Amino acid sequence: MLFQSELASNFRLTVSRENHIFRRSGSPRSLRNSEMAPPILSLVLPSETGRVLSIQSHTVQGYVGNKSAVFPLQLLGYDVDPINSVQFSNHTGKLLLLHSNRYPTFKGQVLNGQQLWELIEGLQENDLLYYTHLLTGYIGSVSFLSTVLEVVNKLLSVNPKLKYVCDPVMGDEGKLYVPPELVSVYREKVVPVASMLTPNQFEAELLTNLRIESEKDGREACNILHAAGPPMVVLTSININGNLFLIGSHQKEKGLSPEQFKIVIPKIPAYFTGTGDLTTALLLGWSNKYPDNLDKAAELAVSSLQALLQRTIKDYKSAGHDPKSSSLEIRLIQSQNDIRNPEIKFRAERYT
């Protein structure tokens, strides 16, 4: 594979220069020590699909953030290195302001921007910063998001072909659940450097200052976002007159009209945690396998997700729980076959 040989070549070039490079401590690297150390196999023999750095939240129990994204990407063949922006015992309910939260409390830690950068420095000092993709999800502060932007620049300096897939998690159903000042940072600084953007309807409205009340509005929002930066935009959920859609748009070259499509999504009378994180991970995974066919990637992602949600509903009912009564933890592990080899049941319809 081209990517595999390119990445291995890049790593060999780094190693060949080791006796000319100095660590931050000032001590020269020993070529002899480098030869004795075992190779980093994810660099020397990389996955045929890619190597992903995923900066997202983490819960011990349940599947949100990295817990919802890492395993599916691994199933699709990616090497994934997670950085947990927060580590909590369970989901906080912060993203569930309009829905019943099953957990009355949570405990845990929050990573700050300085701590994130220390991790990046550690990777850099060990020549581990070559990634094909960066994936980000929920970020709760301007300072942390600003550090993420520094990470983007750092990764691009190592691999100019890096793809940055951003889920701009800010709110839903007209309600913000991040500080308001994050909106302008996403709009002015993050959107221009993203390769793929996956907002929901409310987030797309915040980023474009456009009220989305029709499919035409959704397509126009995609055009506005293309003009700002990302060649791929997927509005992951749009509710128009009670009908739920995904709208995707791929501008393959600047200045050209994008290829746009929709997928009709069935409404399920339940609320799930982690579905947005999973959707973005699946879109990353499949779009990289089908780089010129975003609608195919979206069909696979939606079909996987819907199969997982149906299994989740079925299992809660089997346990005697009313799925409508509270937020539901998704059945990720039990749905791994649907993630790896989804049966396409939801087809994209191209706009003309």
Side-chain angles (χ1 to χ4, degrees), residues 95 98 137 165-178 183-184 186-188 190-192 194-268 271-272 275-284 286-287 290 292-306 309 344-352:
L95 310 187
L98 304 177
V165 178
C166 172
D167 182 3
V169 181
M170 293 181 286
D172 200 4
E173 299 181 31
K175 183 72 174 180
L176 268 178
Y177 37 65
V178 298
V183 177
S184 61
Y186 270 112
R187 185 189 301 124
E188 298 167 11
V190 177
V191 170
S195 308
M196 177 190 285
L197 204 66
T198 62
N200 61 29
Q201 182 173 355
F202 177 59
E203 291 158 351
E205 290 176 339
L206 291 173
L207 294 173
T208 61
N209 289 315
L210 174 69
R211 181 74 174 169
I212 300 175
E213 298 178 330
S214 66
E215 292 179 51
K216 181 180 178 181
D217 293 337
R219 296 174 65 189
E220 178 58 24
C222 291
N223 292 335
I224 293 172
L225 292 170
H226 285 316
M232 288 185 284
V233 177
V234 180
L235 309 186
T236 55
S237 60
I238 293 183
N239 192 327
I240 305 295
N241 298 323
N243 299 308
L244 200 61
F245 301 94
L246 173 149
I247 292 182
S249 187
H250 189 184
Q251 187 179 46
K252 295 183 177 180
E253 289 186 33
K254 279 292 184 184
L256 296 182
S257 296
E259 297 177 358
Q260 297 185 322
F261 61 90
K262 70 176 179 180
I263 299 177
V264 179
I265 301 173
K267 294 189 73 173
I268 299 175
Y271 187 84
F272 307 86
T275 54
D277 308 315
L278 173 58
T279 299
T280 298
L282 292 172
L283 286 167
L284 184 163
W286 288 115
S287 65
Y290 297 96
D292 295 319
N293 200 344
L294 183 59
D295 50 353
K296 172 78 168 181
E299 288 176 342
L300 289 159
V302 170
S303 295
S304 285
L305 178 64
Q306 291 299 314
L309 297 182
I344 296 181
K345 294 184 177 181
F346 299 88
R347 298 287 181 178
E349 302 173 44
R350 286 204 178 187
Y351 292 109
T352 56

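No experiment lies behind these values; they were computed from the predicted model shown. For reference, positions follow the sequence shown, starting with 1.
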Residues Leu283, Val165; criterion side chain to side chain contact (heavy atoms under 4.5 Å, CB included); working and verdict
CA-CA 9 Å; Leu283 286 167; Val165 178; over 6 Å; no
Mind running side chain to side chain contact (heavy atoms under 4.5 Å, CB included) on Val264 and Phe245 for me, showing each step along the way?
CA-CA 5 Å; Val264 179; Phe245 301 94; 3.9 Å; yes
Output side-chain donor-acceptor pairs under 3.5 Å for residues 207-214, partner residues at least two apart or in another chain, one line each.
unit_1 : atom_1 : unit_2 : atom_2 : d
Thr208 : OG1    : Ala204 : O      : 2.7
Thr208 : OG1    : Leu210 : N      : 3.3
Ser214 : OG     : Lys216 : N      : 3.4
Ser214 : OG     : Asp217 : N      : 3.1
Ser214 : OG     : Asp217 : OD2    : 3.3

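- For the side-chain hydrogen bond (donor to acceptor under 3.5 Å, both in side chains) test, no residue two or more places apart in sequence or in another chain qualifies with Tyr290.
- With hydrogens and angles disregarded, a donor-acceptor distance shorter than 3.5 Å links the side chain of Asn200 to the backbone of Gly171.
- Between Asn243 atom CG and Lys262 atom NZ the span is 8.5 Å, to the nearest 0.5 Å.
- Residues Lys252 and Asp292 come closest through the heavy atom pair NZ-O, 2.9 Å.
- A donor and an acceptor atom, one from each side chain of Tyr351 and Glu215, are located under 3.5 Å apart.
- For the residue pair Lys345 and Ser303, the shortest heavy atom distance occurs at N-OG, 3.1 Å.
- For the residue pair Thr280/Thr198, the side-chain donor-acceptor check at 3.5 Å is satisfied.
- Closest approach of Leu256 and Gln251 over heavy atoms only: O-NE2, 3.0 Å.
- Between Asn223 and Gln260, the side chains place a donor N or O and an acceptor N or O closer than 3.5 Å (distance only, hydrogens not considered).
- Under the 3.5 Å distance criterion, the side-chain polar atoms of Ser287 are matched with a main-chain donor or acceptor of Leu284.
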Any chance you could lay out the side chain to side chain contact (heavy atoms under 4.5 Å, CB included) test for Leu176 and Val183, step after step, and finish with the verdict?
CA-CA 10 Å; Leu176 268 178; Val183 177; 4.1 Å; yes
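- Among residues two or more places apart in sequence or in another chain, the salt bridge (charged side-chain N to carboxylate O under 4.0 Å, His left out) test is passed with Glu349 by none.
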Criterion side chain to side chain contact (heavy atoms under 4.5 Å, CB included) on Glu299 and Phe346, from CA distance to verdict:
CA-CA 6 Å; Glu299 288 176 342; Phe346 299 88; over 6 Å; no
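- Contact record, Leu246 with Thr236: CB-O, 4.0 Å, taken as the closest heavy-atom pair.
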